[in-house]
Amino acid sequence: MKTKYCIGIDIGSTCAKTVVLSQDKSVLLQLLQPTGWSSVDTAEDIRRRLESAGFPIEGGAAVATGYGRVSVPYADKCVTEITCHGRGACHIYGADQLTVIDIGGQDTKIIRIENGAVSDFLMNDKCSAGTGRFLEIMANTLAVRPEELCSMAAEGGGVSISSMCTVFAESEVISLIGRGEKRENIAFAVVDSIVKKVSSQAGRMAGGQGAVCLTGGLCGYPYLRQSLSDALGCEVRTAEDGRYAGAMGAALSALALEKQQSAEK
Amino acid sequence: MAYELPPRFAEYNEARQKGFLTVKKVKEDGGRVAGIFCTFTPLEILDAAGFLSVSLCGMSGETIPAAEAHLPRNLCPLIKSSYGFALTDKCPYTYFSDLIVGETTCDGKKKMYELLGRLKPVYTLHLPQGLDGCALENWTAELRRFIAFLEERFGVSVTDKALREAARARNQERRARMALMETMRAVPPPASGLSLYRTLEGSGFLFDQDQRTAGLDRLREELLAAYAAGERPVSAASRRILVTGCPIGGVLEKTVGVIEASGGAVVCFENCSGIKAACQMVDEQAEDILSAIAARYLEIGCAVLSPNRRRREHLKKLIEEFHVDGVVEVDLQSCATYGVETYEIQALLRELGVPYMALETDYGQGDCGQLSTRLGAFIERL
Ligand code: SF4
Ligand code: SF4
């Protein structure tokens with residue numbers, strides 16, 4: 001029997017994203033939910049949701065990615081988030097030469113794509129500087145939500161955080177608050193610190209052709225995109241579906257897997 | 001002569017207790033043990049002086065906390081672990097060593113040897129920093145001084161005849177190691193990299209020279225026979241990986257193990273326990289055998305030498321011979337020599353068009369998830 005859809009599941013450290021694609025690669029369903037404490041429970045919840053939306057797991061090939069990829073017992077295959085983000089971004093941005101910057105909850109990846117395939121990548125080492133987690137912690141300290149912090153940052157300036165370590169940076173923020181610094185300026189310093197870290201990583205992979213685009217949870221923040229563009233000296237593109245890039249790539253892998261399997265039969 | 005076991009002996013697990021008892025027996029039977037840390041140690045001299053050489057290279061994080069009472073935290077884990085074993089009396093070989101031989105290789109190691117000298121008898125050989133100028137003369141003279149030290153301190157005599165004999169036997173062992181490793185040129189290879197590495201490492205703990213060489217030969221024959229009979233333990237679809245960089249005994253599972261669990265097969269080890277230190281032979285016919293031995297050791301392409309052109313030449317050759325699809329460099333945290341060289345290695349591999357990834361890791365388990373994502377993605381792209 002030929003299946004009519006393919007499922008990609010991206011279980012990240014903060015959010016789980018699911019994409020269902022038809023055979024002709026159009027999006028049939030997108031799901032977004034917090035990962036919570038247990039990726040096993042999240043995977044189970046996704047299975048139920050897919051079922052009630054009319055896409056039972058049994059009816060299509062499924063590929064899991066993200067750091068919780070091994071916790072999806074019903075997936076036909078696991079593929080790393082690097083390959084998936086690359087594949088997904090190519091599809092979303094309709095390009096096969098790209099530099100993808102994925103600012104995730106727990107890590108930041110820079111992925112080079114040539115001819116539609118990953119040719120090189122970098123990942124931050126064991127450190128939360130320049131990740132979504134960093135932003136989240138600083139937003140908490142300022143008692144705002146991460147997206148508010150980013151819009152506040154657009155109004156600020158003149159302050160900087162010198163520490164790359166999240167714990168030390170947090171105490172810097174606390175002392176800035178104590179000094180009565182304007183929250184906009186502190187927010188500016190936080191975003192600035194992320195942008196510096198990310199652009200220095202991206203700089204190590206410079207020299208590539210094609211557009212630079214942002215994927216992952218932070219791509220809906222216009223100010224972040226803007227300052228990243230300024231720092232890199234080129235326009236950083238974002239797309240509405242940018243945060244689904246990993247899940248999209250997983251669904252595309254599922255599609256390829258399914259084709260390969262039916263060819264083998 | 002009777003030898004004492006360490007005070008905490010009763011608390012050790014069975015394997016460790018067994019290790020202690022074995023070495024104790026060796027010593028009671030009149031054997032002398034030399035502890036070594038590096039492939040630059042001139043084994044032929046120790047052989048000729050009647051010492052059993054055994055590697056004390058620390059490969060577990062277990063003793064690092066103890067070592068950090070004396071050593072800075074941001075030091076290579078291999079150095080900390082090795083020192084920690086001496087400090088805690090947990091390694092039978094370190095404990096029963098009559099002499100520990102070190103070399104002036106990287107800064108961390110040579111400074112560690114100074115501290116180690118407070119706990120154990122240590123002799124540090126002054127390895128030249130590079131190969132140009134009088135390197136060979138200096139190194140030969142250094143080896144001669146070492147021989148004089150051994151003769152005086154232990155009342156032995158190191159003759160040219162014994163050196164030549166040792167060179168012959170060590171060459172034979174090196175050839176056997178090389179031949180075993182070269183079986184991995186086959187597509188698919190006859191064994192997993194993990195099992196091959198363990199065999200190579202394990203053979204270093206067999207004390208009898210002939211037994212060691214014969215064991216390697218036997219294993220090669222067995223592998224080839226099984227392969228000829230159609231056994232294929234490694235899938236032909238596996239991507240063929242060459243591993244280069246620092247010594248990896250302490251991070252084997254989280255690097256080689258992960259590579260091989262993610263669709264890769266490590267077909268070539270270019271680092272210390274692999275080809276890097278097995279591929280050069282001593283000229284057994286040389287008139288001056290000591291200088292021939294010295295010359296052989298200076299051919300090792302290690303990053304502690306400056307410059308270190310040999311490593312690049314080797315890599316180029318090995319990539320071809322072993323039909324390598326991708327190169328993974330495994331560096332230990334805070335290793336400056338290898339860390340700096342990654343830039344040139346990357347440039348070389350770009351030129352050759354071979355995908356390359358360098359990663360830095362330590363003896364902890366904290367980065368296992370990250371490593372498996374990175375290695376997995378690297379293999380997916382091949
Ligand atoms: S990496 Fe170099 S210095 Fe370190 S043990 Fe190996 S040969 Fe010796
Ligand atoms: S791995 Fe590097 S830092 Fe560690 S002992 Fe060897 S050369 Fe020195």
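So you know, we letter chains A, B, ... as the sequences are listed, proteins then strands, and number each from 1.
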Which region of V70(A), side chain (C-beta onward) or backbone (N, CA, C, O), has a non-hydrogen atom less than 4.5 Å from a non-hydrogen atom of chain B, or is it both or neither?
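For V70(A), neither part sits under 4.5 Å from chain B.
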
Q) Does any heavy atom of chain B fall under 4.5 Å from the side chain of Y67(A), the backbone, both, or neither of them? A)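 Nothing of Y67(A), per the 4.5 Å heavy-atom cut-off to chain B.
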
Considering residues, nucleotides and ligands other than [X], do more than 12 of their heavy atoms fall under 6.0 Å from its [atom1]?
X: E231(B); atom1: CD; result: no
X: R350(B); atom1: CZ; result: no
X: K316(B); atom1: NZ; result: no
X: R237(A); atom1: CZ; result: no

Between D107(A), T83(A), T80(A), which residue shows the highest count of heavy-atom pairs closer than 4.5 Å to chain B?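 Looking at each of D107(A), T83(A), T80(A) in turn, T80(A) comes out on top.
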
**Item:** side chain to side chain donor-acceptor pair (under 3.5 Å) against T42(A), all qualifying residues, sequence neighbours excluded
**Value:**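 Side chain to side chain donor-acceptor pair (under 3.5 Å) check on T42(A) returns nothing, list empty.
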
Ignoring hydrogens and angles, write down the donor-acceptor pairs under 3.5 Å from the side chains of residues 87-98 of chain A, residues two or more places apart or on other chains.
from: R87(A); atom 1: NH1; to: S253(A); atom 2: OG; distance (Å): 2.5
from: Y93(A); atom 1: OH; to: L214(A); atom 2: O; distance (Å): 2.9
from: Y93(A); atom 1: OH; to: A239(A); atom 2: N; distance (Å): 3.1

Practice problem: Drop me the distance from T373(B)'s OG1 to K109(A)'s NZ, to the nearest 0.5 angstrom. | Solution: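 Those atoms lie 7.5 Å apart.
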
Minimal non-hydrogen separation, [X] against [Y], with atom names:
X: E380(B); Y: C78(A); result: OE2-O, 4.4 Å
X: D120(A); Y: R381(B); result: CA-NH1, 3.9 Å
X: M357(B); Y: F121(A); result: SD-CZ, 3.8 Å

- Are there residues of residues 55-63 of chain B that reach to under 4.5 Å of chain A by heavy atoms, and which ones?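 Residues qualifying by a heavy atom under 4.5 Å from chain A are absent, so none.
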
What side-chain donor-acceptor pairs closer than 3.5 Å can you find for residues 258-274 of chain B, not counting sequence neighbours?
from: E260(B); atom 1: OE1; to: G193(B); atom 2: N; distance (Å): 3.3
from: E260(B); atom 1: OE1; to: L194(B); atom 2: N; distance (Å): 3.1
from: E260(B); atom 1: OE2; to: G193(B); atom 2: N; distance (Å): 2.7
from: E260(B); atom 1: OE2; to: V266(B); atom 2: N; distance (Å): 2.8
from: S262(B); atom 1: OG; to: V258(B); atom 2: O; distance (Å): 2.6
from: E270(B); atom 1: OE1; to: T244(B); atom 2: OG1; distance (Å): 2.5
from: N271(B); atom 1: ND2; to: C246(B); atom 2: O; distance (Å): 3.4
from: S273(B); atom 1: OG; to: Y197(B); atom 2: OH; distance (Å): 3.1

